[in-house]
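Numbering of residues begins at 1 and proceeds along the displayed sequence.
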Amino acid sequence: FLVIMALLEDFYSLNALSFEGESCLNFSIQINASHEIFNGHFPKFKVTPGVVMLQIVKNVLEQELHCKLQLQQASQVKFLNVVEPDKNSELNFEVSLTSEAEKISTKTLVSFPNGVVVLKCNAIFVKKT
């Protein structure tokens with residue numbers, strides 16, 4: 001993940017962000033379709049790597065919860081549609097949160113603005129000290 005974090009600089013911009021109570025974080029991003037990550041994934045057919053979408057969730061959670069997190073477990077990770085940044089550069093994220101001491105359990109749904117689902121994932125993050 002460290003290499004991915006370094007590569008994510010300027011990969012996306014946050015368009016909107018809102019909390020619904022303490023249990024649901026909604027945000028949308030705009031992907032930079034000319035970002036260097038697409039030179040390797042893949043130059044002639046740009047595809048947003050799935051692991052990058054998981055990293056974006058982690059990054060935004062860290063920003064909003066004001067703590068460093070480490071992915072402990074991911075389950076039921078389902079990539080349902082390919083994200084081609086030249087065709088679909090905007091993504092909406094819905095992240096349901098449940099906190100227990102140092103653990104944050106999440107259920108994430110990522111979709112295009114038209115509602116087509118891209119990713120479903122359950123993940124557990126632990127707070128790093």
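Residues N26 and E20 have side chains in contact (heavy-atom distance under 4.5 Å, counting atoms from C-beta outward). Residues F125 and K103 are not in side-chain contact: their nearest non-hydrogen atoms beyond the backbone lie 4.5 Å or more apart. V126 places none of its side-chain heavy atoms less than 4.5 Å from the side chain of E102. Counting only heavy atoms from C-beta outward, the side chains of I104 and K127 approach each other to under 4.5 Å. Inter-residue side-chain proximity for C121 and L54 is flagged as met; some heavy-atom pair is nearer than 4.5 Å. Counting only heavy atoms from C-beta outward, the side chains of L109 and V118 never approach each other to under 4.5 Å. When side chains are defined from C-beta on, V57 counts as touching V95, because their heavy atoms get closer than 4.5 Å. Side-chain atoms of L97 and C24, non-hydrogen and from C-beta on, never get closer than 4.5 Å to each other.
Side-chain contact, Q30 with S89: a donor N or O sits under 3.5 Å from an acceptor N or O. In summary, the side chains of N59 and Q55 do present a donor paired with an acceptor at a separation below 3.5 Å, with no hydrogens or angles considered. A donor-acceptor contact closer than 3.5 angstrom links the side chains of Q76 and N122.
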Steps toward side chain to side chain contact (heavy atoms under 4.5 Å, CB included) verdict (V83, M53): CA-CA 10 Å; V83 178; M53 288 184 269; 4.2 Å; yes
Worked verdict on K120 versus V117 for side chain to side chain contact (heavy atoms under 4.5 Å, CB included): CA-CA 8 Å; K120 291 181 179 181; V117 176; 4.0 Å; yes
Derivation of the side chain to side chain contact (heavy atoms under 4.5 Å, CB included) call for F93 and L25: CA-CA 8 Å; F93 290 71; L25 175 64; over 6 Å; no
Test side chain to side chain contact (heavy atoms under 4.5 Å, CB included) applied to V60 and L17, step by step: CA-CA 9 Å; V60 174; L17 183 138; 3.7 Å; yes
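Note: the hydrophobic cluster containing L71 also contains L61 (ILVMFWY, side chain heavy atoms under 4.5 Å, direct or indirect links). Hydrophobic clustering places F112 together with L14 (ILVMFWY residues linked when any side-chain heavy atoms are closer than 4.5 Å, directly or through intermediates). Residues L80 and I29 do not share a hydrophobic cluster, clusters being chains of Ile/Leu/Val/Met/Phe/Trp/Tyr side chains in contact below 4.5 Å.
For the pair H35 (side chain) and Y12 (backbone), a donor-acceptor distance under 3.5 Å is absent.
Taking the ring centroids of F38 and F45, they lie at or beyond the 6.0 Å cut-off.
Atom CD of residue E90 and atom CG of residue N114 lie 10.5 Å apart, to the nearest 0.5 angstrom. The line from CG of L119 to OG1 of T48 is 11.5 Å long, rounded to the nearest 0.5 Å.
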